[in-house]
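Here is how names work: the chains are called A, B, and so on, in the same order as the sequence lines, proteins then strands, and each is numbered from 1.
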Protein chains: 4
Amino acid sequence: MPRVKSPETENNILKAAIECFSQEGFTKTTISSIAKKAGISHATVFLYFSSKEDLFEKAVIGPQHWFYEKQVGLIQSTTGNSLEQLSQMVHLHVDFYMKQADYLRLVQYVFGQKERFRSIVNQIYSYTDQYIDVLEEVVKKVQEEGMIHNDQVRLTCWSYFSFLNGISLTFNENVSSEQMNQFKVSAERILGIGMRT
Amino acid sequence: MPRVKSPETENNILKAAIECFSQEGFTKTTISSIAKKAGISHATVFLYFSSKEDLFEKAVIGPQHWFYEKQVGLIQSTTGNSLEQLSQMVHLHVDFYMKQADYLRLVQYVFGQKERFRSIVNQIYSYTDQYIDVLEEVVKKVQEEGMIHNDQVRLTCWSYFSFLNGISLTFNENVSSEQMNQFKVSAERILGIGMRT
Amino acid sequence: MPRVKSPETENNILKAAIECFSQEGFTKTTISSIAKKAGISHATVFLYFSSKEDLFEKAVIGPQHWFYEKQVGLIQSTTGNSLEQLSQMVHLHVDFYMKQADYLRLVQYVFGQKERFRSIVNQIYSYTDQYIDVLEEVVKKVQEEGMIHNDQVRLTCWSYFSFLNGISLTFNENVSSEQMNQFKVSAERILGIGMRT
Amino acid sequence: MPRVKSPETENNILKAAIECFSQEGFTKTTISSIAKKAGISHATVFLYFSSKEDLFEKAVIGPQHWFYEKQVGLIQSTTGNSLEQLSQMVHLHVDFYMKQADYLRLVQYVFGQKERFRSIVNQIYSYTDQYIDVLEEVVKKVQEEGMIHNDQVRLTCWSYFSFLNGISLTFNENVSSEQMNQFKVSAERILGIGMRT
DNA sequence: TATGAATGAGTGTTCATTCAT
DNA sequence: GATGAATGAACACTCATTCAT
């Protein structure tokens with residue numbers, strides 16, 4: 001982070017960049033459109049980021065730390081016995097994923113072009129891996145208490161994670177609360193809870 | 001009598017286009033690169049498609065019919081009692097989605113930029129709706145036999161569909177067979193079957 | 001002239017070419033548009049003319065012979081004493097020039113870009129020179145009869161010729177008969193006749 | 001504070017554009033050739049003009065105001081009695097038209113393709129109309145003094161104007177002074193003066 | 001520091017021309 | 001002989017990046 005002048009400006013650029021890149025993709029988005037949205041001149045962008053690629057990478061990677069902290073935070077904010085905690089986490093996760101549509105679209109855009117954005121994809125995978133670690137712990141704990149059973153906890157966690165991405169991709173606009181509830185049920189089922197048989 | 005425009009060439013262009021567009025996105029992909037991959041001159045592309053936009057739309061929409069026919073076909077190819085059939089369908093679906101990574105990435109790319117590709121997105125939604133119709137029927141039949149229970153069958157089907165897209169997005173390369181199996185288990189769970197409690 | 005197959009087709013092409021070239025200029029006009037107007041395929045044009053340049057040159061030069069024969073014919077078709085004949089000629093000339101707007105526009109187009117179409121321009125000048133020869137003879141004859149006086153007969157003829165081109169250029173659509181009459185008066189005045197003092 | 005867009009550069013582009021367009025026509029002329037002649041990069045042209053069409057229109061229309069001011073100025077610069085003034089005006093006009101060959105060729109090029117450049121043609125007609133207004137006044141004044149007679153003053157003025165364009169079109173290079181003098185005589189005759197019978 | 005002017009590299013698209021049938 | 005498919009050359013226009021102020 002060059003931190004040349006105003007960190008506020010830097011943030012404005014990054015926010016504008018996330019919006020533009022997620023709506024139009026990398027190549028279609030112009031530096032000018034980002035600058036305009038950030039309320040500055042296009043040339044100023046280059047004072048804060050060395051190139052369009054640099055800005056893109058920072059816009060995608062930058063929020064990752066916060067993003068996964070947030071997810072972990074959701075887990076830690078739960079209360080009750082561990083089964084109840086897991087269920088609460090699922091609810092919070094689904095809500096969170098549907099609310100972060102903009103940024104998630106950007107991440108999904110990058111994931112859809114793995115060869116093109118190899119280096120960024122790898123960085124995100126590494127963040128995700130850490131998060132899956134945390135998730136795995138939680139699920140394992142519930143399992144040890146005998147309340148659910150999953151042969152392959154880690155792989156189950158990846159399924160869960162994929163599901164969250166899948167719903168965010170398919171429904172990033174106009175989701176009903178009924179639909180949201182169903183997503184939560186489905187997510188719980190993936191983790192082995194919530195079956196009402 | 002002059003030479004005749006070859007349907008084979010048209011197909012080569014479409015195949016090349018799907019590959020390129022899914023790897024690089026719309027704007028980054030050049031007509032030249034598509035032409036090169038199809039083994040023709042870039043100008044020839046314009047003999048078959050009126051513009052880059054036209055080619056893109058046809059590359060995305062074209063396979064939809066086949067794609068959903070295929071999915072419906074998978075359902076019909078199953079045997080046994082209806083629960084077994086549903087389970088078989090899930091297995092075939094997961095396999096199919098992981099194999100169609102290239103094309104699915106393209107569809108997901110379009111979905112990630114709904115404002116930009118509004119018209120295409122709407123067309124795909126309409127295909128998907130039809131497919132969900134079929135899926136709903138199947139699930140309802142199993143349910144009527146009392147073997148599973150889902151309050152919201154249609155919404156459950158959308159969850160199932162989102163999950164398939166989610167795994168295809170997150171893992172479009174190097175998936176282990178263990179992982180594949182877990183995906184199948186998770187998919188079954190979303191539909192309310194496969195819980196081993 | 002290759003005279004490959006049908007002279008009728010060749011003529012259709014030339015007629016279409018004159019129309020297109022005079023309306024849109026050389027570069028803007030496409031071989032396809034000419035072919036379409038001539039009711040044939042664009043490739044067929046190349047059976048009759050070796051290149052676009054070739055077709056253009058033939059379309060411009062081709063009618064020159066007929067055009068100046070026609071003008072000379074107008075002179076010879078007059079009757080009465082030589083002053084009356086000159087006046088009749090002027091009337092016929094003005095009518096003729098306003099009627100040949102399409103082709104004249106093409107010639108004027110070429111004249112407006114003398115460097116670009118040097119060779120064609122020179123050929124037209126040589127035709128025009130011959131015509132001015134004829135015109136000069138006529139005017140000189142009237143002058144010898146003492147009915148008009150012009151110091152510089154040849155230069156006066158060029159003025160007359162320039163005037164005809166000038167009105168055709170400025171008014172190639174919607175000319176009133178009043179205007180036509182005034183043109184005739186003006187043309188006569190250039191030649192030294194028609195002054196009503 | 002950044003550099004400022006220079007009006008000098010804009011003028012250079014316009015001058016280069018007039019030269020190129022008048023020599024090669026609209027389509028044949030490339031933005032690069034204009035830029036080269038103006039001593040700048042082709043991309044810079046688009047900083048000053050939004051498109052090739054825009055540049056063309058401005059190059060054609062731009063000088064119209066100056067052009068007709070100039071013509072009117074010529075009239076006002078004359079001295080002596082009104083007949084002498086008219087004669088002087090004609091001399092100045094002929095000189096002026098032969099000197100403005102470059103720009104006039106461009107105007108004539110546009111006039112030769114009225115359908116293609118309809119909007120520009122209409123704008124020029126409106127300028128010309130104003131100029132003819134002025135000319136008409138002058139001629140009428142001379143006429144009122146009983147020194148010449150023209151039935152249709154306005155139409156005569158259009159003839160005069162057409163003649164000026166005609167000579168400029170036919171002789172935009174290498175005109176002898178003898179020829180120039182004859183042009184002046186012819187122009188005077190159109191207006192009803194200068195007959196030496 | 002911040003900006004707008006300037007530009008070179010790049011791309012979609014057109015079109016004259018060639019070629020196979 | 002006639003045609004439509006195929007193509008390479010060319011061009012308008014865009015945009016990331018640099019530079020002068």
Interface with DNA chain F, restricted to residues 14-27 of chain D and to heavy atoms under 4.0 Å: none

Any residue of residues 39-56 of chain B with a heavy atom less than 4.0 Å from an atom of DNA chain F: I40(B), S41(B), H42(B), A43(B), T44(B), L47(B), Y48(B)

Sugar-phosphate only, base, or nothing, as touched by T9(C) at under 4.0 Å among non-hydrogen atoms: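 If one applies the 4.0 Å heavy-atom cut-off, T9(C) turns out to touch nothing in the nucleic acid.
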
Sugar-phosphate, base or nothing in reach of T29(D), heavy atoms under 4.0 Å: sugar-phosphate

Spacing between [X] atom [atom1] and [N] atom [atom2], to the nearest angstrom:
X	N	atom1	atom2	answer
N12(C)	dA2(F)	CG	P	12 Å
K28(D)	dA12(F)	NZ	P	12 Å
K36(B)	dT7(F)	NZ	P	15 Å
E10(C)	dA2(F)	CD	P	12 Å
I31(D)	dC13(F)	CD1	P	6 Å

Partner residues of K58(B) under the salt bridge (charged side-chain N to carboxylate O under 4.0 Å, His left out) criterion, sequence neighbours left out: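 Counting only residues at least two positions away or on another chain, K58(B) forms a salt bridge (charged side-chain N to carboxylate O under 4.0 Å, His left out) with D54(B).
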
Those residues that, when tested against E8(A), pass salt bridge (charged side-chain N to carboxylate O under 4.0 Å, His left out) (two or more places apart): none

Upstream residue (5' side of DNA chain E) when K5(D) and T30(C) are each assigned their closest nucleotide: K5(D)

Close side-chain approach of V60(A) to I18(A), heavy-atom, < 4.5 Å: no

Face-on cation placement of K52(B) at F26(B) ring, 6.0 Å and 45° thresholds: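 Flagged: K52(B) positioned over aromatic ring of F26(B).
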
Straight-line distance of [X] [atom1] to [Y] [atom2], nearest 0.5 Å:
X	Y	atom1	atom2	result
Y109(A)	L169(A)	OH	CG	14.0 Å
L47(C)	I13(C)	CG	CD1	8.0 Å
K114(C)	F111(C)	NZ	CZ	5.5 Å

Selection residues 29-52 of chain B - residue pairs positive for ring-ring contact (aromatic ring centres under 6.0 Å, His included), sequence neighbours left out: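 Passing the test, one end in residues 29-52 of chain B: no pairs.
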
Qualifying residue for side chain to side chain donor-acceptor pair (under 3.5 Å) with Y103(B), from Q64(B), E19(B), Q108(B): Q64(B)

F56(D) ring center near F117(D) ring center (under 6.0 Å):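 Here the rings of F117(D) and F56(D) have centres that are less than 6.0 Å from each other.
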
Range-with-range stems of DNA chain F (Watson-Crick or G-U pairs under 3.5 Å, three or more in a row):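 Detected stem regions: E:2-21 with F:2-21.
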
Lys/Arg N to Asp/Glu carboxylate O, E115(B) vs R105(A), below 4.0 Å: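 Yes, this pair counts.
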
